[in-house]
Amino acid sequence: MSKGVTVKDVPASAFIRAYAEHLKKNDWIQLPQWVDIVKTSHAKELCPSDPDWIYIRAASIARKIYLRGGVGVGALKKVYGCSKRRGPRPCAFTKASGKIIRYIVQQLVNIGVVEKSPSLSNQAIRQKSGHGKKISQEGQRDLDRIAGRVAASLK
């Protein structure tokens, strides 16, 4: 395993795939009853076809929180949103489902990967910084360890 490799040093797709497998193998995320029937956005027509889609989304959300920090559910809804096809009318952007993102963030908090970002002064809140979720030290160690494995396998 190479020394000093972080999540920023490996390709996103390879890291997300490896971390999703890690989450699934350790059975850290409890699958809800609605996992096979829910759509990820009201712009989508069908539910995801991949049976492991929730692990992939959880790995992607963990990576986004690692990279951005202080990000909340509203910002993640914008990140995972998509364009809604409206027939002959122009396409319009729609946000992703908040329930799915909120559930995944809660699961990541339960396993200790993510923690609440500390509140700062009123000025920081007005500037929309210093709130939301951030990666915990244990979570950063775990994510960097997976990134090191991915970097070693890509060599």
Side-chain angles (χ1 to χ4, degrees), residues 1-44 46-83 93-120 124 127-155:
M1 189 165 23
S2 60
K3 210 167 175 127
V5 176
T6 66
V7 173
K8 296 177 183 181
D9 299 330
V10 296
S13 60
F15 173 77
I16 290 170
R17 196 175 326 109
Y19 193 59
E21 286 297 318
H22 177 71
L23 290 173
K24 184 177 180 181
K25 183 181 75 173
N26 291 328
D27 200 27
W28 283 349
I29 294 184
Q30 298 174 355
L31 295 179
Q33 295 176 350
W34 43 260
V35 74
D36 55 345
I37 57 172
V38 72
K39 300 188 312 179
T40 56
S41 170
H42 73 274
K44 300 289 184 179
L46 299 171
C47 60
S49 58
D50 186 2
D52 296 332
W53 70 270
I54 199 159
Y55 297 108
I56 295 168
R57 180 62 60 98
S60 178
I61 287 175
R63 183 180 177 276
K64 287 287 183 194
I65 294 173
Y66 180 98
L67 295 176
R68 295 176 70 176
V71 64
V73 174
L76 291 171
K77 283 171 62 172
K78 291 177 197 167
V79 168
Y80 293 103
C82 63
S83 182
F93 178 80
T94 59
K95 294 180 182 178
S97 170
K99 167 70 176 178
I100 297 169
I101 294 172
R102 199 168 26 257
Y103 180 80
I104 291 173
V105 169
Q106 288 170 355
Q107 292 295 311
L108 291 172
V109 167
N110 289 343
I111 63 175
V113 174
V114 174
E115 63 186 13
K116 187 174 181 179
S117 185
S119 297
L120 298 175
Q127 294 173 353
K128 299 196 183 282
S129 64
H131 61 285
K133 304 292 183 202
K134 68 174 192 163
I135 293 291
S136 64
Q137 285 184 346
E138 178 186 331
Q140 183 174 354
R141 192 174 325 127
D142 192 32
L143 291 165
D144 287 341
R145 188 172 55 243
I146 300 294
R149 290 183 197 154
V150 169
S153 69
L154 291 177
K155 286 186 178 182

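All heavy atoms count here, side chains included; hydrogens, waters and symmetry mates do not.
- For the pair Ser41 (side chain) and Gly81 (backbone), a donor-acceptor distance under 3.5 Å is absent.
- Under the 3.5 Å distance criterion, the side-chain polar atoms of Thr94 are matched with a main-chain donor or acceptor of Cys82.
- Between Asp144 and Arg141, no side-chain nitrogen of the basic residue sits less than 4.0 Å from a carboxylate oxygen of the acidic one, so the salt-bridge criterion is not met.
- Residues Val71 and Val79 have side chains not in contact (no heavy-atom distance under 4.5 Å, counting atoms from C-beta outward).
- Heavy atoms of other residues, nucleotides or ligands lying less than 6.0 angstrom from NZ of Lys39 number more than 12.
- Note that the OH atom of Tyr103 and the CD1 atom of Ile29 stand 8.0 Å from one another [nearest 0.5 Å].
- Of all heavy-atom pairs between Gly98 and Val73, the closest is O-CG1, 4.1 Å.
- Atom CD of Gln140 is separated from atom CG of Asp142 by 11.0 Å, given to the nearest 0.5 angstrom.
- For Lys133 (side chain) and Val114 (main-chain N/O), no donor-acceptor pair under 3.5 Å exists by modelled atom type.
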Pairs under 3.5 angstrom only: tabulate donor-acceptor contacts from the side chains of residues 46-61 to other protein residues two or more places apart or in another chain.
residue, atom, partner, partner atom, Å
Asp50, OD1, Asp52, N, 3.2
Asp52, OD1, Lys24, NZ, 2.9
Asp52, OD2, Lys24, NZ, 2.9
Trp53, NE1, Val35, O, 3.1
Ser60, OG, Tyr80, OH, 2.6

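- To the nearest 0.5 angstrom, Asn26 atom CG is 9.0 Å from Ile111 atom CD1.
- The heavy-atom pair separating Ile135 from Ala62 by the smallest distance is CD1-O, 3.7 Å.
- Here the straight-line distance linking atom CD of Gln106 with atom CD of Gln30 works out to 11.5 Å at 0.5 Å rounding.
- Atom CZ in Phe15 sits 7.0 Å away from atom CD1 in Ile146 (nearest 0.5 Å).
- Classification of Glu115 and Lys134 as a salt-bridged pair holds, one side-chain N sitting under 4.0 Å from a carboxylate O.
- Put simply, NZ on Lys64 and CD1 on Ile16 are 7.5 Å apart, with the number rounded to the nearest 0.5 Å.
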Could you walk me through whether Val113 and Glu138 pass side-chain contact (heavy atoms from CB on, under 4.5 Å), step by step? CA-CA 6 Å; Val113 174; Glu138 178 186 331; over 6 Å; no
